[in-house]
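Have a look at the structure below, then the notes.
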Amino acid sequence: MSETKFRPYDKKRKILLVEDEQVNQEILQACLQGTYEVLPAMTGAEALEIIDREQETLSMVLLDLMLPDMHGMDILRRMRKDVRTAGIPVIVMTADSKAEVECLSHGAVDFIPKPYPRPEIVQARVRRIIELSEDREILRWTERDALTGLYNREFFNRYARQLDTFHPEEPSDAAILNITQFHMINDRYGRAYGDAVLAAAGEEIRELLKETGGIASRSDSDTFCFYCPHREDYAALLERLADRVNRDISGENRIRLRMGVYALVDKELDIDRRFDRAKMAADTARSGYSNSVGWFSEAMYEKEKLDARLVEDFAAALREKQFTVYFQPKFHIRGEKPVLASAEALVRWNHPEMGMVSPGIFIPVFEANGLVRALDRYVWAAAAEKIRDWRDRLGITLPVSVNVSRIDLFDPRIFDNLREIVEKNGIGYRNLLLEVTESAYTEDSAQIVEKVNQLRAMGFRIEMDDFGSGYSSLNMLSILPIDALKLDMRFIRHAFSAEGRDTRLLEAMIRLAEAFEVPTIAEGVETAEQCEVLRAMGCDYIQGYYFSRPLPADAFEAYMLEHRPGEN
Ligand code: C2E
Ligand code: MG
Ligand code: MG
């Protein structure tokens, strides 16, 4: 896309005057010369040459239709087809009044009949057309993204609302297009390459919109939004876009696209929410080898409603203490008899209308919006109070582990919060164990490692939760000093599945932890057999229904008294 053509206002604007009759040239030049710089052309070829050379600076073209070497209409068509000249206004001059409609329909903006009207009239028309075109151009540059020529998000939203206003009954779709792993493309092939990919996608989208109707925008570098009349063939559409980009840019099928469609939008929802839904759908599209389309579904709608409800109810729930902390024992199994060694604090939401809600449902929601920080602080404090309470009343100091979300680790106040909780209860840093889930380490590993090291320096012991569920495990193990490794429950499920027993992977994991001299904890152990096999393999601790489900504090207290922790 060319540079914007802003011209300083103290300079004369340039007008191309295409007219083969000398007399007419002179009349018009006399009429315009004072105000404008007039570039004369006597033939079509001359005109095209000047248009080509001066396209950046021309304010207008005055075009005679009857030229010695071609018809003026051909010049008009040529200008309209080329994006670089399509925006230059053209006024057609002809004696043939019937040509008026045809000229206008080919993109002329106005019409001056021959013989010419009074000079003031010609001057007024020229001035008005230039003003209009410059205003339009200013708007064009503020409302559009320079790289792709598509709307920017703000104007897109505004025009989408206008479409709704003018066509309230038109069934419409909101769709989002995303370039898979765009940052990798940028990294590997350079920014200019990435820009070329975006520009090609933008151009094809503009082509496509001519056929389908609707509007499109680009935002967040590699995200395109469409708002268009309802259609079914998004998969084909996506292939077409991918083909175009790959053909133009990479020449091989290097670039993959992903799309999310929220079809037949509810026009009561505001525009941003509609695209949130399209985005949700895009997130379900397979982001692998092929181009794929995800659709917003009823189930996603229900999930969205539930999530919104949970967020809405959160503040009251915290205030009214609807969150309860349950405790699940962990046993040391290396000795002759299993010995109660610690417990894990697991939060439950006793919702006044929905009943007991599992953390598997609400924790991810609160992680997405940061509320998890307040919740975790509450759970940590509750766990610390119990440690103190049991110590004071029962004379038993049982370490309790709490879950630390990756969101917590990015919170600069985490150190002060934890210190305050430990100091206030006088329980000692070693008795509040911190479980950090493995997936946290993938996010910004350098930062996470630093935070975890700081926590250890304060005296906390760190357990890596759900080990083996992500990809960071192996590398992380060698960098990061941790105090225990909790094997992801899936290893147990896999080892003892209905299809038969295959404990090789499980055993390999335990050997791995051994090599790094880190004790292992197996979670989700449900049977005596599993417990025995794990023990034989050298697993150190076990947590699971086999010993006990997570219990409310009172019940856990009774359980603890029955299984007094060993003197170790
Ligand atoms: P997690 O930290 O890996 O916790 C272990 C989960 O396994 C718990 O699920 C526990 O109830 C369950 N479990 C324990 N033994 C068995 C068993 O033998 N069989 C089976 N099938 N399951 C068993 P829960 O309580 O539903 O918690 C789910 C996840 O939610 C936790 O996984 C943890 O990631 C998260 N979570 C729980 N409480 C908190 C919290 O206070 N803060 C944060 N940030 N996350 C929490
Ligand atoms: Mg845990
Ligand atoms: Mg776990």
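For ligands, and for the atoms within them, numbers begin at 1 and follow the listed sequence.
Taking only nitrogen or oxygen atoms, main chain and side chain alike, Asn403 reaches within less than 3.5 Å of ligand 1. Considering backbone and side-chain N/O of Pro359, none are found under 3.5 Å from N/O of ligand 1. Below 3.5 Å of separation, one finds no N or O of Asp408 facing any N or O of ligand 1.
Contact annotation for atom 32 (O) of ligand 1: protein absent (non-hydrogen atoms, distance under 4.0 Å). Atom 9 (O) of ligand 1 is never approached by the protein to below 4.0 angstrom, counting heavy atoms only. Proximity of atom 29 (C) of ligand 1 to the protein is not indicated, since no non-hydrogen protein atom lies closer than 4.0 angstrom.
A tilted orientation is assigned to the rings of Trp349 and Phe366, their planes being inclined by 30° to 60°. The aromatic rings of Tyr429 and Phe460 sit perpendicular, their planes meeting at an angle over 60°, well past the 30° parallel limit.
Residue nearest to atom 2 (O) of ligand 1, selected from Ile407, Asp465, Ile361: Asp465 (by heavy-atom distance). The nearest non-hydrogen atom to atom 40 (C) of ligand 1, considering only Leu346, Val379, Asp376, comes from Asp376. Within the set Arg406, Glu435, Glu526, the minimum heavy-atom distance to atom 20 (C) of ligand 1 is found for Glu526. Of the listed options Tyr545, Phe323, Phe547, Tyr546, Tyr545 places a heavy atom closest to atom 16 (C) of ligand 1. Comparing Arg373, Met489, Glu367, Glu523 by heavy-atom distance to atom 7 (O) of ligand 1, the nearest is Met489.
Taken from CZ in Phe467 to OG1 in Thr520, the straight-line distance is 10.5 Å, to the nearest 0.5 Å. In this structure, CG in Leu237 is found 12.5 Å from CD in Glu232, a value given to the nearest 0.5 Å. Considering NE2 of His230 and CG of Leu264, their distance stands at 4.5 Å, rounded to 0.5 Å.
Here the heavy atom of the protein found nearest to atom 11 (O) of ligand 1 is Pro550 CG, 3.4 Å. Among protein heavy atoms, atom 38 (N) of ligand 1 sits closest to Val347 N, 3.2 Å.
Geometrically, Arg153 does not engage Phe156 in a cation-pi contact defined by less than 6.0 Å to the ring centre and at most 45° from the axis. Under the 6.0 Å distance and 45° angle rule, Arg348 counts as a cation-pi partner of Tyr326.
Between Phe275 and Phe226, the ring centre distance reaches or exceeds 6.0 Å. A centroid separation of less than 6.0 Å is found between the aromatic rings of Phe556 and Phe327. The aromatic ring centres of Tyr159 and Tyr151 sit less than 6.0 Å apart.
Counted by atom type alone, Ser401 and Glu435 present one or more donor-acceptor pairs between their side chains at under 3.5 Å.
For Arg549, no heavy-atom contact with ligand 1 is shorter than 4.0 Å. With a heavy-atom cut-off of 4.0 Å, Val325 does not touch ligand 1 at all.
Ionic pairing of Arg406 and Glu438 is not present here: no N-O contact between side-chain nitrogen and carboxylate oxygen is shorter than 4.0 angstrom.
Counting heavy atoms from C-beta on, the side chains of Arg274 and Tyr227 come closer than 4.5 Å.
If you look at the Mg ion (ligand 2), the protein N, O or S atoms less than 2.8 Å from it are Glu344 OE2, Asn403 OD1, Glu435 OE1, Asp465 OD2.
The closest approach between Arg348 and ligand 1 falls below 4.0 Å for a heavy atom of the residue.
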